Asks: 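Quick one: the structure is below, questions incoming.
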Amino acid sequence: MKLYEQYPVSLSNSLSGKKELFKPIIPGFVGMYVCGPTVYNNVHLGNTRTFLTFDIISRYFRFLGYKVRYVRNITDVGHLENDDDQGEDKIGKKARLEQLEPMEVVKKYTEDFHSVMRQFNILPPSIEPTATGHIVEQIEITKKLLDLGLAYEVNGSVYFDVKKYHQSHSYGILSGRNIEELIESGRDLDSQDEKRDKIDFALWKKASPSHIMRWPSPWGDGFPGWHIECTVMSTKYLGEQFDIHGGGMDLKFPHHECEIAQGTGANGKAPVHYWIHSNMLTVNGQKMSKSLGNSFLPSELFSGSHPMLQRGYTPMAVRFFMLQSHYSSTLDFSNEALQAAEKGYKKLSSALKTLRELSHPGTSMPDPSANESLESLVQTCYKEMSDDFNTAKTLAVLFEMASRINDMKSGNLPLSSLEVENFNSFANAYTGFMENVLGLKEESGSDEKLLDGTIGVLIGLRKKARADRNFALSDKIRDELKSIGIQLKDGKDGEITWSAE
RNA sequence: GGUCUCGUGGCCGAGUGGCUAGGCUGAGCUCUGCAAAAGCUCCUACAGCGGUUCGAAUCCGCUCGAGACCUCCA
């Protein structure tokens with residue numbers, strides 16, 4: 001029996017608004033598409049929360065034995081600065097501001113994005129397609145939508161006809177919008193508009209003479225609209241219908257709504273079975289975003305160089321911080337919360353280290369209830385993760401397991417009372433959920449080995465001093481190490497371990 | 001204005017009808033030459049007011065407060 005059969009996953013589907021049992025289209029396989037970053041600027045911390053969420057989801061599916069194809073795009077063209085202007089796009093604008101080629105901008109911020117992802121231990125997707133790499137496909141689907149009568153061309157631009165689409169399908173099913181209300185109550189556009197209706201959206205935009213990102217098309221030189229790239233790339237790599245589409249909550253409308261309309265319009269069927277939206281990171285209760293100016297960069301977070309930060313925090317502490325809340329809730333950022341998270345993470349991390357150093361001596365006095373309670377903790381980890389990827393609850397179980405690991409070390413829970421099979425299952429679960437599922441890896445400096453050896457010498461001296469009952473010297477060794485950030489810990493058996501603060 | 005979400009103990013945060021998550025902080029105990037670490041214990045909450053129910057943080061209504069989307073945003 002496969003793990004995914006043993007622990008079936010249920011998830012919150014934004015489309016139905018309910019928690020549903022996950023059933024893949026092809027048994028044993030998961031196809032997942034997530035809207036990636038627009039690479040015209042550095043990713044900020046809020047962005048990374050979304051990518052962390054889907055990192056966890058793809059990790060857990062794989063952990064359960066699914067074969068996962070995870071596609072996350074790079075948007076390197078096409079975001080309109082304003083929907084009603086003459087097609088200023090963010091990449092192009094940034095290029096002019098910095099006197100760079102558009103692809104230089106794209107390259108620079110793509111590198112930044114990847115570097116941040118690596119620091120947070122967010123695994124790369126299976127495929128990371130770019131919008132500019134799929135111009136041909138975007139033109140093709142636009143032609144198809146024109147042929148189907150779901151789009152129209154005006155002055156070299158092509159727009160999706162939402163009203164027309166709504167006649168045979170339903171526009172607004174994801175976001176719960178009512179098309180009549182959208183038409184009536186939406187904001188008025190300042191300038192004259194080529195669109196028949198303000199809710200129509202661009203599939204292809206004509207490039208003004210000064211526009212630097214442009215491609216030839218049947219309608220003249222231009223560039224693709226924002227929404228169409230995701231439809232094209234998800235369809236190409238995952239099929240006309242696939243299992244999961246994810247992204248930040250703020251993309252629900254209009255972006256994902258438009259994707260549904262385009263995909264359904266072009267292919268005659270709804271593209272996605274399960275929509276998953278991760279919620280926003282907030283600062284003092286307000287959404288973190290570039291436009292509000294309350295965002296900060298991961299690099300500022302690590303170094304503590306942002307004015308809002310009391311000090312720097314390590315990537316794993318931040319990762320842990322985010323995993324303590326559920327992805328569907330907003331998460332408020334604060335120094336206090338991060339400091340608490342850092343301590344919590346260290347506790348779990350040091351238990352992992354402790355666990356690695358334990359070795360089972362063989363079962364000599366089996367204790368069925370101890371074995372049973374350990375096994376139940378293992379089961380609970382799976383149960384909580386399978387319940388809508390509840391990382392917060394899973395962490396709670398891991399803390400319980402960490403306490404048991406410390407008991408094993410101290411002798412409160414003798415290893416000899418545990419069946420070897422049970423102990424291994426427990427150890428594999430703790431390690432697996434920490435490292436593979438939650439991606440909480442150990443953070444250690446590169447000089448750790450050298451330092452370990454050096455401190456080993458000092459520990460030897462302290463042992464000798466203690467054996468001689470020369471406590472003045474043994475305390476001096478400990479206190480002076482403490483003052484430079486090295487904490488010595490005496491064990492019951494006379495062994496001394498150390499940790500860096 | 002329209003649509004929607006949320007309001008949990010000192011702090012952060014799970015939880016959706018009964019079985020009082022967890023982390024951090026604070027207090028105490030055990031262990032220790034003294035510490036640290038670790039283990040254990042305690043501080044037990046659900047914005048307010050009504051209602052449904054044998055029973056509500058959890059369902060319904062109202063009030064107050066905060067926020068999101070409706071324009072680019074993860």
Side-chain angles (χ1 to χ4, degrees), chain A residues 17 34-38 40-41 43-54 79-84 88-90 172 175-178 181-182 184-187 189 199 226 246-255 277-282 284-292 295 320-321 324-326 328-345 347-348 350-351 354 380 384 387 390-400 402-407 409-413 466 469 471 474-475 478-479 482 487-492 496-499:
Chain A
V34 172
C35 291
T38 305
Y40 65 99
N41 217 327
V43 282
H44 67 254
L45 195 62
N47 299 316
T48 60
R49 190 187 184 203
T50 297
F51 303 125
L52 173 61
T53 296
F54 294 101
H79 269 201
L80 302 183
E81 190 82 324
N82 289 300
D83 210 27
D84 57 320
E88 180 101 59
D89 93 40
K90 283 188 172 174
S175 58
R177 309 283 151 137
N178 175 312
E181 281 173 6
L182 283 172
E184 284 162 24
S185 68
R187 285 177 198 199
L189 300 172
I199 52 171
W226 173 32
M249 195 77 101
D250 46 359
L251 296 183
K252 202 170 176 183
F253 187 89
H255 184 54
H277 290 96
S278 63
N279 217 320
M280 301 291 106
L281 190 63
T282 61
N284 296 321
Q286 265 210 326
K287 175 182 170 181
M288 181 184 282
S289 74
K290 279 169 205 158
S291 47
L292 288 170
S295 66
F320 175 94
F321 163 70
Q324 270 188 306
S325 72
H326 193 253
S328 64
S329 302
T330 56
L331 172 63
D332 200 56
F333 168 87
S334 71
N335 280 285
E336 294 75 14
L338 273 175
Q339 280 160 26
E342 188 174 76
K343 291 196 175 178
Y345 161 69
K347 194 168 180 176
L348 291 183
S350 71
T354 302
T380 310
E384 301 299 6
D387 183 8
N390 198 321
T391 53
K393 279 192 142 187
T394 304
L395 282 173
V397 183
L398 290 178
F399 273 106
E400 174 76 22
S403 288
R404 298 293 75 79
I405 290 168
N406 290 324
D407 279 338
K409 186 192 177 194
S410 71
N412 284 343
L413 177 57
R466 291 183 76 209
R469 301 195 68 78
F471 294 125
S474 69
D475 286 357
R478 184 181 63 196
D479 296 345
K482 166 90 176 158
Q487 178 72 60
L488 296 187
K489 292 174 261 192
D490 297 349
K492 266 186 187 168
I496 301 176
T497 55
W498 68 277
S499 63

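The model shown is predicted, which means the values in this text are computed figures rather than measured ones.
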Asks: For A/Glu400, check salt bridge (charged side-chain N to carboxylate O under 4.0 Å, His left out) against everything at least two apart and list the hits.
Replies: A/Arg404
Asks: Are side-chain heavy atoms of A/Asn47 and A/Lys290 found at a separation under 4.5 Å?
Replies: yes
Asks: Should A/Phe51 be counted as stacked on B/A74, where stacking needs a ring-centre gap under 5.5 Å and an angle between planes under 30 degrees?
Replies: no
Asks: For A/Leu338, answer base if it contacts any base atom (sugar-phosphate contacts may also be present), sugar-phosphate if it contacts only those atoms, and nothing otherwise; contact means non-hydrogen atoms under 4.0 Å.
Replies: nothing
Asks: Taking the P atom in each of B/C49 and B/C64, what is the distance between them to the nearest angstrom?
Replies: 15 Å
Asks: Between B/G33, B/U3, B/G39, which nucleotide has the shortest distance from any of its atoms to the side chain of A/Asp475?
Replies: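 In terms of side-chain proximity for A/Asp475, the closest of B/G33, B/U3, B/G39 is B/G33.
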Asks: Assign A/His277 to base, sugar-phosphate, or nothing according to its heavy-atom contacts below 4.0 angstrom with the strands shown.
Replies: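 Touches nothing.
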Asks: Between the base of B/C31 and the side chain of A/Asp490, is there any donor-acceptor pair under 3.5 Å?
Replies: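 There is none.
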Asks: B/A14 phosphate, OP1 or OP2: any side-chain N/O from A/Asn390 under 4.0 angstrom?
Replies: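 No, because none of the side-chain N or O atoms of A/Asn390 sits under 4.0 Å from OP1 or OP2 of B/A14.
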Asks: Between the base of B/A35 and the side chain of A/Arg478, is one N or O donor paired with an acceptor at under 3.5 angstrom?
Replies: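 Such a pair is found, so the answer is yes.
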Asks: With a 4.0 Å cut-off on heavy atoms, is A/Ser410 in touch with a base, just the backbone sugar-phosphate, or nothing at all?
Replies: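 If one applies the 4.0 Å heavy-atom cut-off, A/Ser410 turns out to touch nothing in the nucleic acid.
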Asks: Taking atom P in both B/U53 and B/U58, what distance in whole Å separates the two?
Replies: 16 Å
Asks: So which protein nitrogen or oxygen atoms get under 3.5 Å of nucleotides 67-69 of chain B's nitrogens or oxygens?
Replies:
| unit_1 | atom_1 | unit_2 | atom_2 | d |
| --- | --- | --- | --- | --- |
| B/C69 | OP1 | A/Lys287 | NZ | 2.4 |
| B/C69 | O2' | A/Arg177 | NH2 | 2.9 |

Asks: Establish, with yes or no, whether the OP1 or OP2 oxygen of B/A14 is under 4.0 angstrom from a side-chain nitrogen or oxygen of A/Ser329.
Replies: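 For B/A14, OP1 or OP2 has a side-chain N or O of A/Ser329 closer than 4.0 Å.
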Asks: Does any part of the side chain of A/Lys489, heavy atoms only, come nearer than 4.5 Å to the side chain of A/Ser499, both counted from C-beta?
Replies: yes
Asks: Minimum heavy-atom separation for A/Cys35 and A/Phe51, please, with both atom names.
Replies: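 Closest approach of A/Cys35 to A/Phe51: O-CE2, 3.4 Å.
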Asks: Provide, to the nearest angstrom, the distance between the CG atom belonging to A/Asp407 and the P atom belonging to B/G39.
Replies: 7 Å
Asks: Mind listing the closest non-hydrogen atom pair of A/Ala341 and A/Gln324 along with its distance?
Replies: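 The pair with the smallest heavy-atom distance is CB-OE1, 4.1 Å.
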Asks: Distances under 3.5 Å only, N/O to N/O: pair up the protein atoms with those of nucleotides 20-30 of chain B.
Replies:
| unit_1 | atom_1 | unit_2 | atom_2 | d |
| --- | --- | --- | --- | --- |
| B/U25 | OP1 | A/Lys343 | NZ | 2.6 |

Asks: Can you name the atoms? Protein N/O to nucleotides 57-59 of chain B N/O, anything below 3.5 Å, with the distance.
Replies:
none

Asks: Round to the nearest Å and state the distance from A/Lys489 atom NZ to B/G33 atom C1'.
Replies: 20 Å
Asks: Between A/Asn412 and A/Ser291, which has a closest nucleotide on RNA chain B that is more 5'?
Replies: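 Upstream on the strand: A/Asn412.
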Asks: Please work out the stems of RNA chain B from pairs that are Watson-Crick or G-U wobble with both distances under 3.5 Å, keeping only runs of three or more consecutive pairs.
Replies: B:1-7 with B:64-70, B:10-12 with B:22-24, B:26-30 with B:38-42, B:47-51 with B:59-63
Asks: So, taking the atom named CZ in A/Arg478 and the one named CZ in A/Arg466, what distance separates them when rounded to the nearest 0.5 Å?
Replies: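 So the gap between those two atoms works out to 8.0 Å.
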Asks: Using side chain to side chain contact (heavy atoms under 4.5 Å, CB included) as the criterion, point out the one residue from A/Leu281, A/Leu331, A/Thr330 that pairs with A/Ser325.
Replies: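 For A/Ser325, the side chain to side chain contact (heavy atoms under 4.5 Å, CB included) test succeeds with only one of A/Leu281, A/Leu331, A/Thr330, which is A/Leu331.
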Asks: Hey, does the side chain of A/Asn406 come within less than 4.0 Å of B/A38's phosphate (OP1/OP2), counting only N and O?
Replies: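 For A/Asn406, the contact criterion (side-chain N or O under 4.0 Å from OP1 or OP2 of B/A38) is not met.
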Asks: Could you pull out all residues at least two apart from A/Phe54 that satisfy ring-ring contact (aromatic ring centres under 6.0 Å, His included)?
Replies: none
Asks: A/Lys252 NZ to B/C70 C1': how many Å, rounded?
Replies: 13 Å
Asks: If every non-hydrogen atom of A/His44 is compared with every non-hydrogen atom of A/Ser295, which pair is closest and at what distance?
Replies: CG-CB, 3.6 Å
Asks: After noting the C-alpha distance and the side-chain angles of A/Ser328 and A/Asn279, does the key distance pass the side-chain hydrogen bond (donor to acceptor under 3.5 Å, both in side chains) rule?
Replies: CA-CA 5 Å; A/Ser328 64; A/Asn279 217 320; over 6 Å; no
Asks: Which heavy atom in A/Thr48 sits nearest to a heavy atom in A/Leu45, and how many Å separate them?
Replies: OG1-O, 2.5 Å
Asks: Are the side chains of A/Leu395 and A/Leu348 in touch, meaning some heavy atoms are under 4.5 Å apart?
Replies: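 Yes, side chains in contact.
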Asks: Under a 4.5 Å cut-off applied to non-hydrogen side-chain atoms, are A/Asp250 and A/Lys287 in contact?
Replies: yes
Asks: Looking only at atom P, what distance separates B/G7 and B/A21, rounded to whole Å?
Replies: 16 Å
Asks: B/C4 P sits how many Å from A/Leu182 CG, rounded?
Replies: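 Between P of B/C4 and CG of A/Leu182: 13 Å.
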Asks: What interatomic distance, in whole Å, is found between C1' of B/C11 and the corresponding atom of B/G18?
Replies: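 Per the computed distance, 29 Å lies between those C1' atoms.
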Asks: Does the pair A/Asp479 and A/Lys482 meet the rule for a salt bridge (charged side-chain N to carboxylate O under 4.0 Å, His left out), with working shown?
Replies: CA-CA 5 Å; A/Asp479 296 345; A/Lys482 166 90 176 158; over 6 Å; no
Asks: Side-chain N or O of A/Arg404 versus OP1/OP2 of B/A38: is the shortest distance under 4.0 Å?
Replies: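 For B/A38, OP1/OP2 do not have a side-chain N/O of A/Arg404 under 4.0 Å.
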Asks: Shortest non-hydrogen contact from A/Thr53 to A/Ser278?
Replies: OG1-CB, 3.8 Å
Asks: Counting any heavy atom closer than 4.0 Å, what does A/Gly46 reach on the DNA or RNA strands: base, sugar-phosphate only, or nothing?
Replies: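 The residue A/Gly46 makes base contact.
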Asks: When we call it a touch if two heavy atoms are under 4.0 Å apart, what does A/Asp332 touch: a base, just sugar-phosphate, or nothing?
Replies: sugar-phosphate
Asks: Roughly how many Å is it from CG in A/Leu348 to C1' in B/A38, rounded to a whole number?
Replies: 14 Å
Asks: Taking the C1' atom in each of B/C54 and B/A47, what is the distance between them to the nearest angstrom?
Replies: 27 Å
Asks: What is the separation between atom NZ on A/Lys482 and atom C1' on B/C34, rounded to the nearest whole Å?
Replies: 14 Å
Asks: What are the two closest non-hydrogen atoms of A/Phe321 and A/Asp332, and how far apart are they?
Replies: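 Looks like CZ-O, 3.6 Å.
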Asks: Just how far, in rounded Å, is C1' of B/U32 from CG of A/Leu488?
Replies: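 The answer, rounded to whole Å, is 15 Å.
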Asks: Whole-Å distance between B/G15 P and A/His326 NE2?
Replies: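 Result: 6 Å.
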